[in-house]
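One structure is given here, and the rest of the page talks about it.
Quantities reported herein were computed from a predicted structural model and do not represent experimental measurements. Note on naming: letters A, B, ... go to the chains in the order of the sequence lines (proteins, then strands), and numbering restarts at 1 for each one.
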Protein chains: 2
Amino acid sequence: MEITLAALQGRWTTLVVRELLRGDRSYSELRAALPALSDKVLSDRLAQLGEAGVVHRDRRPGWPPRVRYTLTARGRRLGPVLQALWDWGADAPD
Amino acid sequence: MEITLAALQGRWTTLVVRELLRGDRSYSELRAALPALSDKVLSDRLAQLGEAGVVHRDRRPGWPPRVRYTLTARGRRLGPVLQALWDWGADAPD
DNA sequence: CTGTATCCTGAACGATACTG
DNA sequence: CAGTATCGTTCAGGATACAG
């Protein structure tokens with residue numbers, strides 16, 4: 001569980017993963033989908049998720065630079081976990 | 001999901017809930033089970049979980065003071081959620 | 001026994017500017 | 001387009017002492 005919590009640590013991490021669960025995204029798409037995140041935090045989260053083996057960074061050659069972020073198989077297995085989190089919050093609101 | 005994350009926020013929160021999932025506990029039992037937590041943090045977490053409607057504080061009259069912490073129905077529903085977190089971490093270790 | 005108050009430190013966050 | 005660098009702020013966490 002410590003592993004999971006470490007991987008999901010950070011106020012915005014789950015929202016980034018949630019966005020990627022819907023499909024792969026470019027950096028600017030993520031930024032547009034999560035306007036509350038500063039570049040720095042988004043960059044930090046993506047790096048963290050990359051090290052946790054949750055997100056894969058796919059850099060395409062050429063100009064302008066194109067990068068796609070996708071979930072790894074490990075990352076996609078977070079789907080049910082986040083769903084459980086969502087359900088609990090929705091089940092018993094204040 | 002923001003609700004759940006707010007309720008579980010804090011590095012130690014899930015461990016406190018996990019302990020209470022096994023049965024009700026006194027303050028000193030929690031402290032003994034989670035030696036890494038300072039009094040302040042344990043106290044903070046219990047207050048947070050109380051406000052989130054996860055934990056119930058049962059103060060018995062008399063001396064010395066005896067307090068039992070138990071999970072509410074809402075709190076017990078966190079069991080599967082924490083299990084999902086646990087499973088993910090155990091499934092794909094680094 | 002069951003906590004709260006105080007103070008301190010380090011990490012996360014947020015904005016802005018700048019680079020490949 | 002896709003980030004990193006820097007800097008200031010804010011907040012959770014840890015130690016210690018003290019209170020009901």
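Nearest heavy-atom pair across B:Trp12 and B:Ala36 is CH2-CB, 3.9 Å. When all heavy atoms of A:Gln9 and B:Arg11 are compared, the pair lying nearest together is NE2-CD, 4.1 Å.
Within residues 21-28 of chain A, the residues approached by DNA chain D to less than 4.0 Å at the level of any non-hydrogen atom are A:Ser26, A:Tyr27, A:Ser28, in residue-number order.
No side-chain donor-acceptor contact under 3.5 Å links B:Glu19 to the backbone of B:Glu29. In this structure, A:Thr72 contributes its side chain and A:Gly53 its backbone to a donor-acceptor pair below 3.5 Å. Looking only at distances, no side-chain donor or acceptor of A:Arg77 sits under 3.5 Å from a matching main-chain atom of B:Trp88. Looking only at distances, no side-chain donor or acceptor of A:Ser26 sits under 3.5 Å from a matching main-chain atom of A:Val67. In this structure, the side chain of B:Arg31 does not engage the main chain of B:Asp39 through any donor-acceptor pair within 3.5 Å.
For the pair A:Leu42 CG and D:dT4 C1', the interatomic distance rounds to 13 Å; values are reported in whole Å. Summarising the geometry, the separation between CD on B:Gln48 and P on D:dC11 is reported as 15 Å, rounded to the nearest angstrom. B:Asp39 has its CG atom 11 Å from the P atom of C:dC1, to the nearest Å. Going from atom CG of A:Asp58 over to atom P of D:dA2 covers 12 Å, rounded to whole Å. Between the P atom of C:dG3 and the CH2 atom of B:Trp63 lies a distance of 12 Å, rounded to the nearest Å. Regarding B:Arg31, its CZ atom lies at a distance of 7 Å from the P atom of C:dC1, rounded to whole Å.
Each of B:Arg57, B:Arg68, B:Arg60 was evaluated against B:Asp24; a single residue qualifies, B:Arg68, per the salt bridge (Lys or Arg N to Asp or Glu O under 4.0 Å) test.
The shortest side-chain heavy-atom distance between B:Leu85 and B:Leu82 falls under the 4.5 Å cut-off.
With DNA chain C read from its 5' end, the first of the two nearest nucleotides for A:Arg59 and B:Glu29 is the one closest to B:Glu29.
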Each nucleotide N or O in nucleotides 11-14 of chain C that has a protein N or O under 3.5 Å away: list the pair and distance.
unit_1, atom_1, unit_2, atom_2, d
C:dC13, OP1, A:Arg11, N, 2.8
C:dC13, OP2, A:Arg45, NE, 3.3
C:dC13, OP2, A:Arg45, NH2, 2.3
C:dC13, O3', A:Arg11, NH2, 3.2
C:dG14, OP1, A:Arg11, NH2, 2.6
C:dG14, OP2, A:Trp12, NE1, 3.0

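When heavy atoms are screened at a 4.0 angstrom cut-off, B:Arg60 is found touching no nucleic acid atom at all.
For the pair A:Tyr69 and D:dC1, the criterion of a side-chain N or O lying under 4.0 Å from OP1 or OP2 is not met.
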